[in-house]
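Predicted model, so just to flag it, every value in this text is computed and none were measured.
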Amino acid sequence: MSRKLRLGVIGAGLKAAEYAASWARMPEIEFVALADTIPSSRQRLIEVCVAAGSVAPKSFDDYREMLASCRAELDAVYVSTPHAFHGEQATAVAEAGLDLFLEKPMVTTVAEAERLIAAQKKSGVTIVTAFQGGLSPLVIDTRKRALAGEFGDLIAISGMIWESWSSNYDGHWKQQPAISGGGFMFDTGAHMMNTVCLLANSDFVSVSAYMNNHGKDVDIATAVSARLKNGALATLTAAGEGPPGCASYITFFYSRAIVRIDAWGGWREISVGSNAEPREEAEILGNPMKNFLAIREGTMENTGSVEMGLRFARLWDAIKESAAADGVPVRIAAP
């Protein structure tokens with residue numbers, strides 16, 4: 001059996017604790033160290049690891065101290081902090097020469113993405129963003145079949161995502177602009193944007209967007225019209241106010257087929273000509289660490305790469321710029 005992956009954690013919030021409950025039981029994983037500014041969060045994650053039969057990881061209140069003290073003991077780091085901290089922390093991990101499993105979204109701006117890519121290229125480490133959709137078997141299979149030309153040319157995309165997000169996260173850090181990096185479109189809507197970026201297999205070249213905060217400090221509703229480099233047209237709608245629930249519906253119109261899929265890769269429907277295949281369903285990933293390990297070992301394509309994160313960041317920066325100008329179209333410069 002190969003040596004265990006020695007893992008560090010930056011950000012010991014509820015998501016990290018939830019994952020740790022299963023990761024600590026994996027024979028391939030060893031929790032070595034964790035960092036979080038909140039003592040109670042660090043203690044909770046330690047207790048989760050111990051309850052799973054793992055040795056208590058070392059604890060730090062500053063991630064920089066963790067990286068400096070434990071660099072020789074670590075192979076990879078999982079980052080699960082508020083969105084605005086991803087760029088700085090992810091770049092520090094890459095500069096330390098450690099592989100990185102990063103919670104979504106990768107970063108908040110194009111500038112942060114470019115810095116992270118530069119650090120990754122210099123160190124040669126593996127970086128994967130933990131979008132469930134990007135790692136979903138149904139999304140990955142759809143991408144392979146589209147790239148192979150099975151569906152024909154991509155003509156248009158229609159994406160929708162909705163959630164009772166405004167009330168669900170009232171007072172939460174996700175609705176604090178300084179650390180969230182955006183509102184509903186950048187949080188739950190990020191799943192839709194990432195799946196679209198991955199399956200469209202093309203950069204966006206022009207974007208027009210509108211946002212409505214509905215009394216909050218961040219966007220609650222967003223509407224986007226866009227053109228892609230491959231000529232396809234796209235509309236994306238995000239509604240973060242409404243009755244309880246959360247769902248999405250993305251339709252890809254090809255010259256020979258129509259593919260409907262949700263942002264997380266939980267289901268897919270394919271129509272070719274007049275024939276509609278039955279809906280396929282897949283469990284939304286509860287343990288993406290297995291995918292990270294496979295990507296790290298080279299047995300799975302990295303569909304959460306920094307390059308895909310840059311495509312996402314270009315789209316998000318353009319949406320913000322256009323929405324701030326009340327829908328004025330924004331041209332996205334070629335990479």
For this session: List the atom of Arg314, the atom of Ala333, and the distance in Å for their closest heavy-atom pair.
Result: NH1-O, 3.4 Å
Exercise. Roughly how far, to the nearest 0.5 Å, is the CD atom of Gln132 from the CG atom of Asn194?
Worked result: 10.0 Å
For this session: Assign the ring pair Tyr78 / Tyr19 to parallel, tilted or perpendicular, where the plane angle (0 to 90°) is split at 30° and 60°.
Result: perpendicular
Problem set entry | CA sep, side-chain torsions, deciding dist, call: Thr188, Glu163, side-chain hydrogen bond (donor to acceptor under 3.5 Å, both in side chains) | CA-CA 8 Å; Thr188 305; Glu163 182 183 6; 2.6 Å; yes
Problem set entry | Approximate separation, where rounding is to 0.5 Å, of Glu241 CD and Lys216 NZ | 7.5 Å
Problem set entry | Ser180/Gln175 under side-chain hydrogen bond (donor to acceptor under 3.5 Å, both in side chains): CA gap, chis, key distance, verdict | CA-CA 6 Å; Ser180 66; Gln175 295 187 12; over 6 Å; no
For this session: Answer yes or no: is there a donor N or O on one side and an acceptor on the other, between the side chain of His86 and the main chain of Leu102, under 3.5 Å?
Result: no
Exercise. Is the distance between the ring centroids of Trp267 and Tyr249 less than 6.0 Å?
Worked result: yes
For this session: Could you check whether the rings of Trp165 and Tyr169 sit parallel, tilted or perpendicular, using 30° and 60° as the cut-offs?
Result: tilted
Exercise. Does the Arg260 side chain pair with the main chain of Ile250, one donor and one acceptor, at a distance under 3.5 Å?
Worked result: no
For this session: Quick one: pull up CG in Asn302 and CE in Met308 and give me the separation to the nearest 0.5 Å.
Result: 9.0 Å
Exercise. Ignoring hydrogens and geometry, is there a side-chain-to-backbone donor-acceptor pair from Ser271 to Ala276 under 3.5 Å?
Worked result: no
For this session: Tell me whether Tyr63 is reachable from Leu7 by hopping between hydrophobic residues (I, L, V, M, F, W, Y) whose side-chain heavy atoms are closer than 4.5 Å.
Result: no
Exercise. Between the side chain of Ser206 and the main-chain N/O of Arg227, is any donor-acceptor distance below 3.5 Å?
Worked result: no
Exercise. Between Phe131 and Phe312, what is the ring plane arrangement, given parallel below 30°, perpendicular above 60°, and tilted in between?
Worked result: tilted
